[in-house]
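So the structure is just underneath, and the comments pick up after that.
In the text below, chain A, chain B and the rest are named by the order of the sequence lines, each starting its count at 1.
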Amino acid sequence: MIDEELVQLLTPEGERVQNADYESTLNGDEIFGLYRDMVIIRRLCNESTSLQRQGQLALWAPIQGQEAAQIGAGRALAPMDFTFPTYREHGIAWCRGVPPENMLRLFRAVSNGGWDPQKYRHSVPTVVLGSQTLHAVGYAMGIQRDGAEEAAMAFFGDGASSQGDVLEAFVWAASFNAPVVFFCQNNQWGISTPSSVQSKIPLYHRAHGFGFPGVRVDGNDVLAVYEVTKRALDSARVGGGPTLIEAYTYRIGAHTTSDDPTRYRIDAEVEVWKHRDPVERVKALLAREYKVKNSDFDDVAAEADAMALQLRDDVLAMSRPDPLTMFDNAYAAPHPLIDEGRRDMIDLGISEGSL
Amino acid sequence: MIDEELVQLLTPEGERVQNADYESTLNGDEIFGLYRDMVIIRRLCNESTSLQRQGQLALWAPIQGQEAAQIGAGRALAPMDFTFPTYREHGIAWCRGVPPENMLRLFRAVSNGGWDPQKYRHSVPTVVLGSQTLHAVGYAMGIQRDGAEEAAMAFFGDGASSQGDVLEAFVWAASFNAPVVFFCQNNQWGISTPSSVQSKIPLYHRAHGFGFPGVRVDGNDVLAVYEVTKRALDSARVGGGPTLIEAYTYRIGAHTTSDDPTRYRIDAEVEVWKHRDPVERVKALLAREYKVKNSDFDDVAAEADAMALQLRDDVLAMSRPDPLTMFDNAYAAPHPLIDEGRRDMIDLGISEGSL
Amino acid sequence: MATTTMTMAKALNEGLRKALDANPKVLLMGEDIGRLGGVFRITDGLQKDFGEDRVIDSPLAESAIVGTAVGLAIRGYRAVCEIQFDGFVYPAFDQIVSQVAKLHKRSDGAYKMAMVIRIPFQGGIGAIEHHSESPEPYFAQTAGLRVVSCSTPNDAYWMIQQSVAHDDPIIFCEPKSRYWEKGEVDLEGPPSGLFDAVVRREGTDVTLIGYGASMKTALRAAETAQAEGVSIEVIDARSIAPLDLGVMAKSVEKTGRLVIVQESPHTASVGSEIVAELTQRCFYSLRAPGVRVSGYHVPYPPTRIEEDYRPTVDRILDAVDRVMGFES
Amino acid sequence: MATTTMTMAKALNEGLRKALDANPKVLLMGEDIGRLGGVFRITDGLQKDFGEDRVIDSPLAESAIVGTAVGLAIRGYRAVCEIQFDGFVYPAFDQIVSQVAKLHKRSDGAYKMAMVIRIPFQGGIGAIEHHSESPEPYFAQTAGLRVVSCSTPNDAYWMIQQSVAHDDPIIFCEPKSRYWEKGEVDLEGPPSGLFDAVVRREGTDVTLIGYGASMKTALRAAETAQAEGVSIEVIDARSIAPLDLGVMAKSVEKTGRLVIVQESPHTASVGSEIVAELTQRCFYSLRAPGVRVSGYHVPYPPTRIEEDYRPTVDRILDAVDRVMGFES
Ligand SMILES: Cc1ncc(C[n+]2csc(CCOP(=O)(O)OP(=O)(O)O)c2C)c(N)n1
Ligand SMILES: Cc1ncc(C[n+]2csc(CCOP(=O)(O)OP(=O)(O)O)c2C)c(N)n1
Ligand SMILES: [Mg+2]
Ligand SMILES: [Mg+2]
């Protein structure tokens, strides 16, 4: 991990690194806050994996290994910013205040979304890879027209970086100097496809060819991710235009619970990355530099456990929606085929709902 | 035109320029050959514009100003290379040996193509911007699989450079190290849209972000275009991978005969570029350095006039196709709806053709 | 009734001007729509009057035009996207089908996907390939979208305003071959609801349904038929999805015969839908099966022969003969 | 007859293996199809046996998968493209509709667009959004394409080979919910032509037509109806475009009643086409209007309620009741 290009403020052992361009601005409490976020989101993620194994979720997309990338980015956001996630941004959703049970509605297959995106200023999950990057640019164009000091942020993966939509989003962001930050989590895999299939050179270089800054940050270093993201957002909000951030990290788990990564990658690679664990790294810093006590760490673990229990209860309580709800919100205004469908379903006795 | 980035071997006045990376390898006869090509293609283009004005063509897309870009690139190709044009590559088609009357079949609206693309190794015109760049990459993947020393070349404009397909073509070309050359004629306009809307920085930089070389060449300097293209093709053929060439030039005429450029650009700009005329530039060189006589230039002009007359005759002789031909080649194999359509048309007495 | 005469192009231009005036959140976006006023001049003068921030000359990428319109919609804007020609809407197909059509649902109603995607469609202008297509069946099939088409300047003027004001995403199909034809525009109020079919000519023997550029051909066919003693009722569908089947069924119940005219190929087309629905609703009234007069099942041909691809008066009359003579 | 039992997934895998063996110009291309064998393992083991040059793990971009397949076709290769799920085919829509479908015509026959675009389609696997769609109506509408679907392992094995050998581009729709169901495969010869519809069950009262995953539901409905005294003839369309209308019309002439089952919404669908065509061909035989049992006109719902979106045995039987009871 000795990489000239990589912005790093913390070694895998949790020791400070000096960087000419970035320095950490966070105090001990704030860093402890990031640690807490990461522990909680990891715990919730593991609970979700169990829930899936137990047949309570249709699918789960784990984020183990990417907690620093997501929490660092998520905490750098200001309340009025607006974020555009994929299906894997549970850490960002957490930072935006989305209730964990809302995040799981998609995976329990009771909703195609799950939360109120306007309320949390965090868009619905986007499954068609790359689409959301254009939404973020359009939203940012709206910010410009409103004269607001806000930014949009789009998340996507190394795999999605090959999609035309993402690249068109770069063209547009540059053309309109839009207040948008592109946050690419290069977790080195797109299902079974290594990121080297998408690009032979580091992905952040893409931005330069479109005329805006790109930066590669150690995605397992929450302090570095926080500072790099904050700088990019600050710049976007005051007319500095777009930035592409490549958070260089690793997907420790499977692509989703449907996936079997042993078919395409070797354990040794995973082991190497386990030693770069983002949570342990900041924990080591907190223990050494800020003398955080074991009991404080234990408290966080207990809090996370309690939340996981709560999540489990909430998930189990999510029942099958009334089939008639499929007609809700298909359109904003009345539509004859919606009325016809509702009538048909009631006539068939599928739902007892009324028109 | 003092641009550090621009490869130039000839000033607008036709004086030699030394370039550290490229030198001209052509002798006087060869340069005269390029001159002849440019004069002929300009003459044919002007004839086509007249034909359109006289109602003999549905449309025409002029290339005035871009002759050096097209002839330089077209003559750098080897016979076995395969080219993928837009609707404006008349100069390339000429170099590939496509008969001029074939080029006009599209514009007389008697064909959606016009020539046999396999025979001339020059693909059919592509109107949906950018699509052909992916075809070129796919073709290049075929070259690789055949183990052939050949290259594919894709042409597109500054406007098309914003299309997802073009950018995905860059991703793929880099990923497969495909023997393909991307040749972007930046004529500074996409209909009414200046190229600055597509990119704030020179377009050739795009390639760097995808991990392959990009080079900007003076598109009005046929010697420079020739050398830059030749180098890129040579490299591609022996496993050197893709190159993006940005030929920096100018569309002197209207976008097409349907367009009115006075609505969106100022005459002064056009005048500046008229002084950078690609034909005059090489003519000056030939006269000064190679002592080419006026009578030789006159001979070329006469030859071009004769070809223009021939083209006119050929176009006027192109008659309306039998409507039944619309069913030909819609499918390669028999299809019931094609049979039904043919039958219908014959029953209606629209065509006397037989089934 | 304050009426004035103008071309459909001008009517669209005036309608867009009214929409921009009425709501500061309305934006226009597309290739060459600003300085140039669009290749058909539909947005002529609007950038000058409303500024570059509201009438946006975009980079050249249709997926991005629609995809950024989605983001603008999330922010509360209403974008009217111009697709330069029918054949260039397909790069945006994914954004239209998977995002525009589905985000109101996916967000449980939190996002309004209020936007209009204007598409100059159908043939008849002697253009090169990809400039004469009829993509409306694709959008009609897609749940979450609405598809409308204007056939007169009056409808153009009002339907574009109604579409911009509507909260669902609307694919607005403009019959480009009719842009330069003039008609009366009533400036005082819309002629009908955005999703209403209207009877353009009353008749008793055959119901002839079409939309867009086909309406003129249909009306001409009706005139010719009249001379031959066949009375055709001509209906302008106006709304392609949803279809105003009530108006159509009422007519078929009266005439007992149905012909549909459209420029797209017939397979899985809007015409197929009309036949299927009206056969169900008017089974006992129909004296002959509904017949579709469509483009042939081939890529749009070179335009020297396009008039033999597009439904002609002759082909419509042939279909009328077939439904009239069916019982015999 | 040398038959063996296998799943549809295995049958496709074996069929592709045969195609790769038969012609060195055949290539497979798609996301995760190599090392992983595809998310459904349809290409399992093929990269190992045929190499990375013939079974290509592609970068993640569908437009490029199809667009480069076009270039490969021009060079004489035959690419079989895997689209990972139905909902991800739309980024490639432009290449499919404007290039794949039209290049044979545009090149006056000089280019063969021999390629297969494999799409695991329809719902029923409890997946998240975009993994359960039915995009076949879009492709059926498009002149220049052919669309087929297999519903049994035997058809899967043969139809994929026939498709690869065919000179026109083929959209190959695989009913993903049936991948793991077993059936007999006759290794000696294809059961029928690629574009033939087949009668899966004979009957006298109602003709029930479907394709893909709907066939199993249709056959179950026929069984249940039998118990209630209604005899249903079940037809597997197999070829969605072109439709084998001869086989269908023959059945409707016998039964006088028509029900179609499909998972797509009904507007401008394959079902609409079948109704429109058969109404025309069998007008005097039809004792009731053809009825479509389709997905509802909404974005595919969360899959906890997908079985109420997809046509069920109950909904089919309800439609059967309607056509049976129509005269009364
Ligand atoms: C347009 C599109 N094509 C294919 C897929 C199927 N798919 C889902 S996730 C995935 C890999 C994505 O990789 P990456 O972008 O690196 O994100 P990660 O899963 O690693 O977070 C693929 C191919 C999809 N969702 N959308
Ligand atoms: C996908 C697509 N969108 C829009 C168009 C309409 N159109 C034709 S040419 C053109 C401008 C192209 O500009 P550029 O790529 O610079 O090429 P040039 O015409 O300058 O040679 C546009 C917008 C098209 N042909 N294809
Ligand atoms: Mg990844
Ligand atoms: Mg240009």
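- Interface residue B:Ile143: backbone and side-chain heavy atoms are both found under 4.5 Å from chain D.
- At a 4.5 Å heavy-atom cutoff, the contact between D:Ile65 and chain B is made by backbone and side-chain atoms alike.
- The shortest side-chain heavy-atom distance between D:Arg75 and B:Met141 does not fall under the 4.5 Å cut-off.
- When all heavy atoms of B:Tyr331 and D:His104 are compared, the closest pair comes out as O-CE1, 3.6 Å.
- The two residues D:Asp108 and B:Ser111 have their closest heavy-atom pair at OD2-OG, 4.1 Å.
- Chain B forms more heavy-atom pairs under 4.5 Å with one residue of D:Leu27, D:Ile74, D:Ile56, D:Asp94 than with any other, namely D:Ile74.
- Neither the backbone nor the side chain of D:Met113 comes within less than 4.5 Å of any heavy atom of chain B.
- In this structure, B:His135 and D:Gly67 approach most closely via the heavy-atom pair CD2-O, 3.4 Å.
- Residues B:Asp146 and D:Lys25 come closest through the heavy atom pair OD1-NZ, 3.5 Å.
- Proximity to chain D involves both the backbone and the side chain of B:Ser131, based on heavy atoms less than 4.5 angstrom apart.
- Neither the backbone nor the side chain of B:Ala169 comes within less than 4.5 Å of any heavy atom in chain D.
- D:Tyr111 and B:Pro117 make their closest contact through OH-CB, 3.2 Å (heavy atoms, listed as atom of the first residue, atom of the second, distance).
- Using a 4.5 Å cut-off between heavy atoms, B:Thr133 does not touch chain D at all.
- Proximity to chain D (any heavy atom under 4.5 Å) is restricted, for B:Ala148, to the side chain, taken from C-beta onward.
- The residue from D:Pro91, D:Ser63, D:Pro59 that alone fulfils the side chain to side chain contact (heavy atoms under 4.5 Å, CB included) condition with B:Glu168 is D:Ser63.
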